[in-house]
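Notes to accompany the following structure.
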Amino acid sequence: MDIKKVEKKWQEIWEKDKLNTFNQKNADKKYYCLEMFSYPSASKLHLGHWYNYAPTDSFARYKKMKGFEVFQPMGFDAFGLPAENFAIKTGIHPKDSTEQNIANMEQTLREMGAMFDWSAEIKTCEEDYYKWTQWLFIKLYEKGLAYRKEAPVNWCPSCNTVLANEQVVNGECERCHSTVVKKNLTQWFFKITDYAEELLQKLDGLDWPEKTKAMQRNWIGKSMGGEIEFTCESGDKFNVFTTRADTLFGVSYVVLAPEHPLVKTLTSPEQKEAVENYVFETSKTNEIDRLSTNREKTGVFIGHYAINPINGKKVPIYIADYVLFSYGTGAVMGVPSHDSRDFAFATKYNLPITRVIKGVDCDDELPFEEDGILMNSMEFDGLTSEEARKSIINKLAMSGKGTHKTNYRLRDWLVSRQRYWGAPIPVVYCEHCGTVPVPVSDLPVKLPYDVEFKPDGKSPLAKHEGFMNTTCPICGGKATRDPDTLDTFVCSSWYYLRYPNANNPKEPFNPAIINKMLPVDKYVGGPEHACMHLLYSRFITKALRDMGYLDFDEPFKSLVHQGIILGPDGFRMSKSRGNVVSPDQYVEQYGSDTLRLYLMFGFSYTEGGPWNDDGIKAILKFMDRIEKLGVKLADTKNGKNIDIGSEEKELLYAQNYAVKAVSRDMETFSFNTAVARLMEYINALYKYDSLENKNVKLFKESYKTFMLLLAPLAPHFSEEIWEILGNKKSIFLSDYPECDENALIRDENELAIQVNSKIKTRIMLANNLTEEQIKEILLKDEKIVAALGGKEIKKLIIIPKRIINIIV
RNA sequence: GCGGAUGUGGCGAAAUUGGCAGACGCGCUAGACUUAGGAUCUAGUGGGUGACCGUGGGGGUUCAAGUCCCUUCAUCCGCACCA
């Protein structure tokens, strides 16, 4: 068949008949199947897109044939840095290039033949969309979940611009490789930390890959411990956070982060110069270096002492850059005997090392970091570490010097970007009224087109007077806008809520519709978003729930990560390596169904692997065999009926086995085995075809069943053959075949016979035999008798339909 | 260092969850039909070839282990001075 013509033909028919459009009337049977939307890139679709979208579309089509009302939308994550960088390089405006890219990608996505509901398409850079992204910001602000503070950001001194975290690779700017430095700017944050505990707890109930859940757990980084108050000789007080309160008697010094405010007030005149030098040096170090584990521990004594509240012992106060001001209290207690970092530090600066924990039945050489039994700890001696952690904090609590405390490593989400191509932050600053959110009725705050976006260290919008100068919505006086734009992850943190309401001009989403359509039943995309997009989306969903807009807790019930298709050389495809394989040539030459089938057959979906097109031949042959048989059957008259004999039973067995196996495989994204089962099934059909006398009616039905199983995996091709067979309606309006379990029951099976667990022979056995009958048959078999060698049978293990083990 | 995986023929990969390892393919070998074939079809294809050995290595549990337990090695990914 002329595959290009056929594809076009069916794509037009599907579109005309609105086959892929979600029907809200059937929302009770909804199945929300979502693939992560794409960033509009200049080159068309790459293999990664295909690998994400084509097999998932087959899954969605399978669900549709199973009777679900499938909603599978597609859109574009259209704001972001690459378009802006492209603009800086070429002078082509980000809006123009993005629109062009989207147009190209839309076309190739349509050519793929996926059942995307284009009536629900969204593009995050359009006013209709970013208006509601701004709405989201304002709602978070009103709820106290968006706030503004000064914070250090990544700054590239050569590009003269702020970089997103993702653009900092090993401490360097990804474009010019200059060392990135920290610079303090006033920024907007979302208070994701308010949800740290729920984000952690609710992971347990999600049908997500274990690895992804583990990554989020790590990222959230819950640790339970206590805060303990140390009092300085000066009378100043500070808290340390520790998970090892049981080692409190082993403290031989304390360390403040160099940024800690007490450093200035406590430093003695003799130590002033050394401390100031150290603080200065630290401020120059970039965070990557500072956080490197294998770096030597350094620090400076500040010339002041603090009192350990548990035993009144006086200990020196140091500053050291391995203590982070941003985590815990920015101060730690140093217990060299039971922490390897402290051990290294104490050894270097000749501080005392006192053991306070002894190990139980293990090598407890210092530094000993495991739990054990307390010693040198006064009344706590003899307690286990676990008991002591509680009782020591409890004792301190009585005098107000200690509390149990849980810390998280998760930080608030910095959403300001000093960039042009994003949603403007909908806030104005008024001389009288201060920070004022733009009223929802005034949204969107439009992103102006005529902006100078060449980087010079300032937000591009700051230079646009027409944009910047405005009036205060409260007092009507002079005000200026926030010149920053929102991180594009804000746009993508709620897009799945917009799809079912894509054309709603009045609200971002209708709560009644959302509560019916969400959560997403199956979400498919790359694993690289584990701690960004997937975490942000969960946060936003929970925040909107707490504002009363939703009544579900989690946006994505079930998540699948597709694997990565590597270049033929086994490395990640990249232009610089020159190993990029484009899907276009294959689509052009063989058609989209062929490429789709091969992607499904050639790889384990969640694994991926190096590209190799040898297997395409196998798919072409497979499709050719299907077509030949279909054309032949379409021309065959039913003829005289033949009774159901053993050949017919075999055919029905093959058919029902395929139905059962393929359904199971489709459910679990095991596309490679689903295709394999279909290959087996077509082989069985050919085998039946080679017979002299056939039950043509049954044969045709069997072939139709085959086509129905194939349809989700090769949509255009299947439609065409379906039509050749004489069907008038789309194959996707047919029901998916059901397995007839009775056809899978065989009268007899071949069993492997083992003697003392070694296979000796195989024999056919009827399934309804008793143990005695089986024994009788076995003892008549020459090979078995020989293997038994006249020995007495001690035990007979029979696994029906599979194996028999004779123990002698 | 912590966390998550992966390791099976020449290659891509399967294995109903403890029951005949290598399904389905690619490649290869032989044959058929052909002027020809890089088309199509048929047969064979883990290794040795006697009955034995084979799922990274070593141990264990079991009638039975790719699958469960212990141990070890290698590779990939993520996080990493988080007190």
Side-chain angles (χ1 to χ4, degrees), chain A residues 209-219 221-223 225 240-244 247 254-255 257 288 290-297 320-324 326-335 338-342 344-345 369 407-411 527-528 530-531 564 598 601-604 606-607 609-619 621-622 624-625 628 657 660-661 664-665 670 672-683 686 690 750-762 783 786-787 794-808:
Chain A
E210 209 39 60
K211 179 179 181 171
T212 307
K213 292 204 267 186
M215 278 168 71
Q216 287 206 357
R217 280 189 200 104
N218 274 336
W219 193 258
K222 180 180 183 175
S223 58
V240 300
F241 173 73
T242 180
T243 55
R244 292 298 303 273
T247 64
V254 289
V255 189
I288 303 298
R290 181 165 166 192
L291 295 187
S292 160
T293 329
N294 44 23
R295 200 154 157 262
E296 199 189 352
K297 308 278 172 283
D321 65 2
Y322 75 89
V323 174
L324 309 174
S326 52
Y327 181 76
T329 60
V332 301
M333 59 191 214
V335 185
H338 303 291
D339 183 288
S340 54
R341 295 160 303 181
D342 298 346
F345 192 83
E369 298 184 301
N407 264 330
Y408 300 90
R409 289 162 66 176
L410 184 68
R411 308 291 163 78
E528 66 275 12
C531 295
I564 299 165
Y598 176 59
F601 179 64
F603 306 85
S604 174
T606 52
E607 295 288 315
W611 173 259
N612 176 329
D613 56 15
D614 290 347
I616 286 190
K617 250 170 72 177
I619 296 296
K621 195 169 141 186
F622 175 53
D624 192 46
R625 277 159 69 81
K628 273 188 188 145
Y657 178 75
K660 190 174 179 172
R664 192 185 54 219
D665 291 345
S670 304
N672 54 347
T673 50
V675 177
R677 294 291 91 83
L678 287 172
M679 286 174 169
E680 285 175 299
Y681 185 22
I682 197 80
N683 290 344
Y686 265 91
S690 67
E750 191 187 62
L751 278 82
I753 310 300
Q754 298 179 323
V755 174
N756 281 350
S757 309
K758 299 246 157 158
I759 291 170
K760 296 296 173 188
T761 185
R762 293 176 174 82
K783 279 190 188 159
K794 271 197 201 150
K795 203 171 167 189
L796 188 65
I797 295 156
I798 302 168
I799 309 297
K801 299 178 199 174
R802 294 192 204 285
I803 205 163
I804 290 173
N805 197 355
I806 307 167
I807 310 299
V808 298

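Residue numbers begin at 1 in each chain, while the letters A, B, ... track the order of the sequences.
Relative orientation of the A:Phe603 and A:Trp611 rings is parallel, given thresholds of 30° and 60° on the angle between their planes.
Across all their heavy atoms, A:Lys297 and A:Ala344 have their closest contact at CG-CB, 4.3 Å. Scanning both residues, A:Phe622 and A:Ile682, for their nearest heavy atoms gives CE1-CG2, 3.8 Å. Taking each heavy atom of A:Asn407 and A:Gly328 in turn, the nearest pair found is ND2-CA, 3.5 Å.
Taking side-chain N and O atoms only, A:Tyr322 has no distance below 4.0 Å to OP1 or OP2 of B:rA83. A:Arg411 has no side-chain polar atom (N or O) that falls below the 4.0 Å cut-off from OP1 or OP2 of B:rC82. A sub-4.0 Å separation between OP1 or OP2 of B:rA14 and a side-chain N or O of A:Ser604 is present. For B:rA83, the OP1/OP2 oxygens have a side-chain nitrogen or oxygen of A:Ser223 closer than 4.0 Å.
The same atom, P, is picked in B:rA30 and in B:rG38; the two are 13 Å apart, to the nearest Å. Comparing B:rC11 with B:rG48, their P atoms are spaced 15 Å from each other, to the whole Å. B:rG10 and B:rU45 are spaced 11 Å apart, taking the C1' atom of each and rounding to whole Å. Spacing of C1' atoms, B:rA83 relative to B:rA65, comes out at 45 Å, to the nearest Å. For the P atom pair drawn from B:rG54 and B:rC70, the interatomic distance equals 23 Å after rounding to whole Å. For the P atom pair drawn from B:rU55 and B:rG7, the interatomic distance equals 14 Å after rounding to whole Å. Rounded to whole Å, the P atom of B:rG12 lies 14 Å from the corresponding atom of B:rG56.
With hydrogens and angles ignored, no donor-acceptor pair closer than 3.5 Å exists between the side chain of A:Arg802 and the base of B:rC20.
Of the residues near RNA chain B, A:Lys760 and A:Phe603, the one whose nearest nucleotide (by heavy atom distance) lies more toward the 5' end is A:Phe603. With RNA chain B read from its 5' end, the first of the two nearest nucleotides for A:Gln754 and A:Gly609 is the one closest to A:Gly609.
In this structure, B:rU71 is classed as anti because its glycosidic torsion departs from zero by more than 90°. In textbook terms, a nucleotide whose glycosidic angle is within 90° of 0 is syn, while B:rG12, being further out, is anti.
Of the candidates B:rG3, B:rC20, B:rA5, the closest approach to any side-chain atom of A:Glu210 belongs to B:rA5.
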Distances under 3.5 Å between nitrogen or oxygen atoms of protein and nucleotides 22-27 of chain B:
from	atom 1	to	atom 2	distance (Å)
B:rA23	O2'	A:Glu680	OE2	3.0
B:rA23	N3	A:Arg677	NH2	3.0
B:rG25	OP1	A:Asn683	ND2	2.8
B:rG27	OP1	A:Lys617	NZ	2.7

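The line from CZ of A:Phe601 to CE of A:Met679 is 4.0 Å long, rounded to the nearest 0.5 Å.
A:Tyr598 and A:Asn612 share no donor-acceptor pair across their side chains, judged by distance under 3.5 Å alone. Between the side chains of A:Asn805 and A:Ser757, at least one donor N or O sits under 3.5 Å from an acceptor N or O.
Rounded to an integer number of Å, the gap from CZ of A:Arg625 to P of B:rA39 is 15 Å.
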